[in-house]
Peer 1: 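Pasting a structure here, questions to come.
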Amino acid sequence: MLTRIDHIGIACHDLDATVEFYRRTYGFTEVHIEVNEEQGVREAMLKVNDAGDGGTTSIQLLEPIRDDSPIAKFLARSGEGVHHIAFGTDGDVQEEADGIAGQGVRVLYDSPRRGSMGSRITFLHPKDCHGVLTELVQAAEAGERVSEG
Ligand code: CMX
Ligand code: CO
């Protein structure tokens, strides 16, 4: 089951400046920064709240590290702004994705890839979700969390 908003993904040109804006303006001080080579981003997760199901709800700021990454492409076309929403599941993310694929929604990955802090992620095509790029997230168990970069 999808039990929370895990995060809102926001594309930005300058990660450090945008993190500073969120800290200063909203007081979100719990920040985790990492590089995800596969996704082509340097990213920051700013925790907004505990979600009550063991997960959290965060703002994910995304700065491209390559010109051919999805975030670079998005910034070139649309500029800075909301890029995707991510729902958190309390179960297996692939099972969740399979169920949604069965309703005719395109799932972008054959199997989950690595997201922030060791989570498992996949995406649904925005054209099948009323214009919203949608991510599904299974948080790592507390003991499995890995941070990189
Ligand atoms: N939200 C809504 N619509 C979007 C979109 C977005 N973020 N990105 C692209 N689109 C739309 C475009 O507007 C375009 O629409 P039109 O055909 O009407 O013009 C259409 O989708 C195709 O756009 P495109 O630029 O050709 O985009 P691509 O097909 O190359 O890529 C997508 C789109 C979703 C398949 C690609 O961005 C992707 O694979 N995303 C998943 C991975 C990702 O986003 N990683 C970064 C975040 C990592 C993280 O969250 O951890
Ligand atoms: Co995301």
Side-chain angles (χ1 to χ4, degrees), residues 1-19 21-23 26 28 30-51 53-101 103-141 144-149:
M1 254 180 67
L2 303 176
T3 52
R4 65 181 182 280
I5 302 285
D6 186 272
H7 63 269
I8 309 282
I10 296 173
C12 62
H13 290 294
D14 181 338
L15 186 73
D16 296 328
T18 311
V19 167
F21 171 83
Y22 273 81
R23 270 194 224 263
Y26 307 118
F28 300 147
E30 231 181 282
V31 184
H32 168 89
I33 293 182
E34 70 180 85
V35 171
N36 188 325
E37 286 288 345
E38 185 179 32
Q39 295 293 337
V41 295
R42 193 162 75 92
E43 60 157 273
M45 277 289 191
L46 291 86
K47 184 169 129 180
V48 177
N49 62 274
D50 288 309
D53 61 352
T56 54
T57 299
S58 303
I59 295 292
Q60 180 184 39
L61 304 175
L62 299 150
E63 174 193 82
I65 57 171
R66 288 196 299 275
D67 287 347
D68 64 348
S69 65
I71 295 298
K73 208 170 170 186
F74 180 88
L75 282 169
R77 191 183 48 236
S78 309
E80 293 188 315
V82 175
H83 177 257
H84 64 273
I85 62 167
F87 294 118
T89 175
D90 61 1
D92 183 79
V93 72
Q94 186 62 43
E95 277 177 27
E96 200 66 57
D98 288 345
I100 291 171
Q103 298 177 55
V105 173
R106 278 169 288 172
V107 175
L108 297 181
Y109 302 152
D110 291 334
S111 57
R113 298 190 184 172
R114 192 187 68 76
S116 315
M117 295 178 272
S119 60
R120 301 170 76 223
I121 62 172
T122 194
F123 287 89
L124 311 178
H125 200 288
K127 292 293 175 190
D128 296 345
C129 302
H130 298 269
V132 179
L133 175 59
T134 305
E135 179 182 351
L136 305 179
V137 183
Q138 179 182 4
E141 300 297 326
E144 291 177 2
R145 287 197 184 185
V146 289
S147 64
E148 291 180 14

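Because only heavy atoms are used, hydrogens play no part in the values below, and waters and symmetry mates are left out as well, while side chains stay in. Order of listing sets the numbers, starting from 1, for every ligand and every atom in it.
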Peer 1: What protein N/O/S atoms are there under 2.8 Å from the Co ion (ligand 2), waters excluded?
Peer 2: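 Sorted hits: His7 NE2, Gln60 OE1, His84 NE2, Glu135 OE1.
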
Peer 1: Atom OG of Ser119 and atom CE of Met45: how far apart are they, to the nearest 0.5 Å?
Peer 2: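 Interatomic distance, Ser119 OG to Met45 CE, rounded to 0.5 Å: 6.5 Å.
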
Peer 1: Are any of the N/O atoms in Ser116 less than 3.5 Å from those in ligand 1?
Peer 2: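 No, Ser116 has no N/O under 3.5 Å of an N/O on ligand 1.
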
Peer 1: Does atom CD of Glu30 have more than 12 heavy-atom neighbours from other groups under 6.0 Å away?
Peer 2: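 Incorrect, the count does not exceed 12.
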
Peer 1: Please list, in number order, the atoms of ligand 1 under 4.0 Å from a heavy atom of Leu133.
Peer 2: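 Numbered from 1, ligand 1 contributes 1 (N), 6 (C), 7 (N), 34 (C), 44 (O).
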
Peer 1: Angle between ring planes, Tyr22 versus Phe28, binned at 30° and 60°: parallel, tilted or perpendicular?
Peer 2: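 Parallel: the ring planes of Tyr22 and Phe28 meet at under 30°.
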
Peer 1: Hey, is atom 15 (O) of ligand 1 touched by any protein heavy atom at less than 4.0 Å?
Peer 2: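 So atom 15 (O) of ligand 1 has protein heavy-atom neighbours under 4.0 Å.
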
Peer 1: Please write down residue, atom name and distance for the protein heavy atom closest to atom 17 (O) of ligand 1.
Peer 2: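 For atom 17 (O) of ligand 1, the nearest protein heavy atom is Lys127 CE, 3.9 Å.
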
Peer 1: Less than 4.0 Å is my threshold; does some heavy atom of Gly115 fall inside it relative to ligand 1?
Peer 2: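 No.
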
Peer 1: Which atoms of ligand 1 sit under 4.0 Å from any heavy atom of His84?
Peer 2: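 Every atom of ligand 1 under 4.0 Å from some heavy atom of His84: 47 (C), 50 (O).
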
Peer 1: Does His125, backbone or side chain, put an N or O under 3.5 Å from an N or O of ligand 1?
Peer 2: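 No.
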
Peer 1: Within the side chain of Arg66, is there an N or O that forms a donor-acceptor pair under 3.5 Å with the backbone of Glu37?
Peer 2: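 Here the side-chain-to-backbone pair exists.
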
Peer 1: Please round to the nearest 0.5 Å and tell me the distance separating atom CZ of Arg113 and atom OG of Ser111.
Peer 2: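 One finds 7.0 Å between CZ of Arg113 and OG of Ser111.
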
Peer 1: Yes or no, since that's all I need: does a protein heavy atom fall within a distance strictly under 4.0 Å of atom 33 (C) of ligand 1?
Peer 2: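 Looking at atom 33 (C) of ligand 1, one finds that no protein heavy atom lies closer than 4.0 Å.
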
Peer 1: Students should be able to answer this: which protein heavy-atom is nearest to atom 4 (C) of ligand 1, and at what distance?
Peer 2: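 Nearest neighbour among protein heavy atoms for atom 4 (C) of ligand 1, to 0.1 Å: Pro126 CG, 3.7 Å.
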
Peer 1: Atom 8 (N) of ligand 1: which protein heavy atom is closest, and how many Å away?
Peer 2: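 Its nearest protein heavy-atom neighbour is Arg77 NH2, 3.4 Å.
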
Peer 1: Is it the case that more than 12 heavy atoms not belonging to Asp68 sit under 6.0 Å from its CG atom?
Peer 2: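 Enclosed: over 12 neighbouring heavy atoms sit under 6.0 Å from CG of Asp68.
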
Peer 1: Please enumerate all residues that pass ring pair (Phe, Tyr, Trp, His ring centres under 6.0 Å) together with His84, with sequence neighbours excluded.
Peer 2: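 Residues passing ring pair (Phe, Tyr, Trp, His ring centres under 6.0 Å) with His84: His7, Phe123.
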
Peer 1: Please indicate, with yes or no, if any protein heavy atom is found under 4.0 Å from atom 22 (C) of ligand 1?
Peer 2: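 So atom 22 (C) of ligand 1 lacks protein heavy-atom neighbours under 4.0 Å.
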
Peer 1: Pick one of side chain, backbone, both or neither for how Asn36 approaches ligand 1, counting any non-hydrogen atom pair under 4.0 Å.
Peer 2: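 Neither; nothing of Asn36 gets under 4.0 Å from ligand 1.
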
Peer 1: Between Arg4 and Asp90, does at least one N-O distance fall below 4.0 Å, as a salt bridge requires?
Peer 2: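 Salt bridge between Arg4 and Asp90, a charged N being under 4.0 Å from a carboxylate O: no.
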
Peer 1: Within a distance of under 4.0 Å, is there any protein heavy atom near atom 19 (O) of ligand 1?
Peer 2: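 Not a single protein heavy atom is under 4.0 Å away.
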
Peer 1: Which residue supplies the protein heavy atom nearest to atom 46 (C) of ligand 1, what is that atom called, and how far is it?
Peer 2: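 Minimum-distance protein heavy atom for atom 46 (C) of ligand 1 reads Gln39 OE1, 3.6 Å.
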
Peer 1: Would you mind checking which non-hydrogen protein atom is closest to atom 49 (C) of ligand 1, with the distance to 0.1 Å?
Peer 2: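 Atom 49 (C) of ligand 1 sits closest to the protein heavy atom Gln60 NE2, 3.6 Å.
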
Peer 1: Can you tell me how far CD of Gln60 sits from CD1 of Ile85, rounded to the nearest 0.5 angstrom?
Peer 2: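 So the CD1 of Ile85 and the CD of Gln60 are separated by 12.5 Å.
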
Peer 1: Considering non-hydrogen atoms of the protein only, which is the closest contact for atom 2 (C) of ligand 1, and what is the distance?
Peer 2: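 The closest one turns out to be Gly131 O, 3.1 Å.
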
Peer 1: So, taking the atom named CG in Leu133 and the one named CZ in Phe74, what distance separates them when rounded to the nearest 0.5 Å?
Peer 2: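 Rounded to the nearest 0.5 Å, the CG-CZ separation comes out at 9.0 Å.
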
Peer 1: Using a distance threshold of 4.0 Å (strictly less than), state whether atom 28 (P) of ligand 1 has a protein heavy-atom neighbour.
Peer 2: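 Yes, at least one protein heavy atom sits under 4.0 Å from atom 28 (P) of ligand 1.
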
Peer 1: Please confirm whether the backbone N or O of Gly115 pairs with a side-chain atom of Gln39, one donor and one acceptor, at under 3.5 Å?
Peer 2: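 The answer is no, because no donor-acceptor pair under 3.5 Å joins these two groups.
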
Peer 1: So is Val41 close enough to ligand 1, meaning a heavy atom under 4.0 angstrom away?
Peer 2: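 Heavy atoms of Val41 never come under 4.0 Å of ligand 1.
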
Peer 1: Quick one: nearest non-hydrogen protein atom to atom 31 (O) of ligand 1, plus distance?
Peer 2: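 Residue, atom and distance for the closest contact: Lys73 NZ, 4.9 Å.
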
Peer 1: Going by the closest heavy atom to atom 36 (C) of ligand 1, which one wins out of Pro70, Pro64, Gly9?
Peer 2: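 Among Pro70, Pro64, Gly9, the closest heavy atom to atom 36 (C) of ligand 1 belongs to Pro70.
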
Peer 1: Number the atoms of ligand 1 from 1 as they appear, then name those within less than 4.0 Å of a heavy atom of His83, with their elements.
Peer 2: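 Heavy-atom distances to His83 below 4.0 Å select 1 (N), 6 (C), 7 (N), 44 (O).
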
Peer 1: Measuring from Ile121:CD1 to Asn36:CG, what's the distance to the nearest 0.5 Å?
Peer 2: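 Separation between the atoms: 6.5 Å.
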
Peer 1: Among Thr122, Leu108, Asp68, which one puts a heavy atom closest to atom 38 (C) of ligand 1?
Peer 2: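 Among Thr122, Leu108, Asp68, the closest heavy atom to atom 38 (C) of ligand 1 belongs to Leu108.
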
Peer 1: Give a yes or no on whether the backbone of Arg106 and the side-chain of Asp128 come within a donor-acceptor separation of less than 3.5 Å.
Peer 2: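 Yes, the answer is positive, given that a donor and an acceptor are paired below the 3.5 Å cut-off.
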
Peer 1: Glu96 side chain to Gly91 main-chain N or O, any donor-acceptor pair under 3.5 Å?
Peer 2: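 Pair absent, no side-chain N/O of Glu96 close to backbone of Gly91.
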
Peer 1: At what distance, to the nearest 0.5 angstrom, does CD of Glu34 lie from OG of Ser116?
Peer 2: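 With rounding to 0.5 Å, CD (Glu34) is 5.0 Å from OG (Ser116).
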
Peer 1: Under 3.5 Å, side chain of Thr89 to main-chain N/O of Met1, donor-acceptor pair present?
Peer 2: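 Confirmed, Thr89 side chain pairs with Met1 backbone.
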
Peer 1: Just jot down the ligand 1 atoms closer than 4.0 angstrom to any heavy atom of Phe74, in number order.
Peer 2: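 Those atoms are 7 (N).
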
Peer 1: Looking at Arg120, is its backbone amide N or carbonyl O close enough to the side chain of Gln138 to form a donor-acceptor pair, meaning the two atoms are under 3.5 Å apart?
Peer 2: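 Side chain of Gln138 to backbone of Arg120: no pair is present.
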
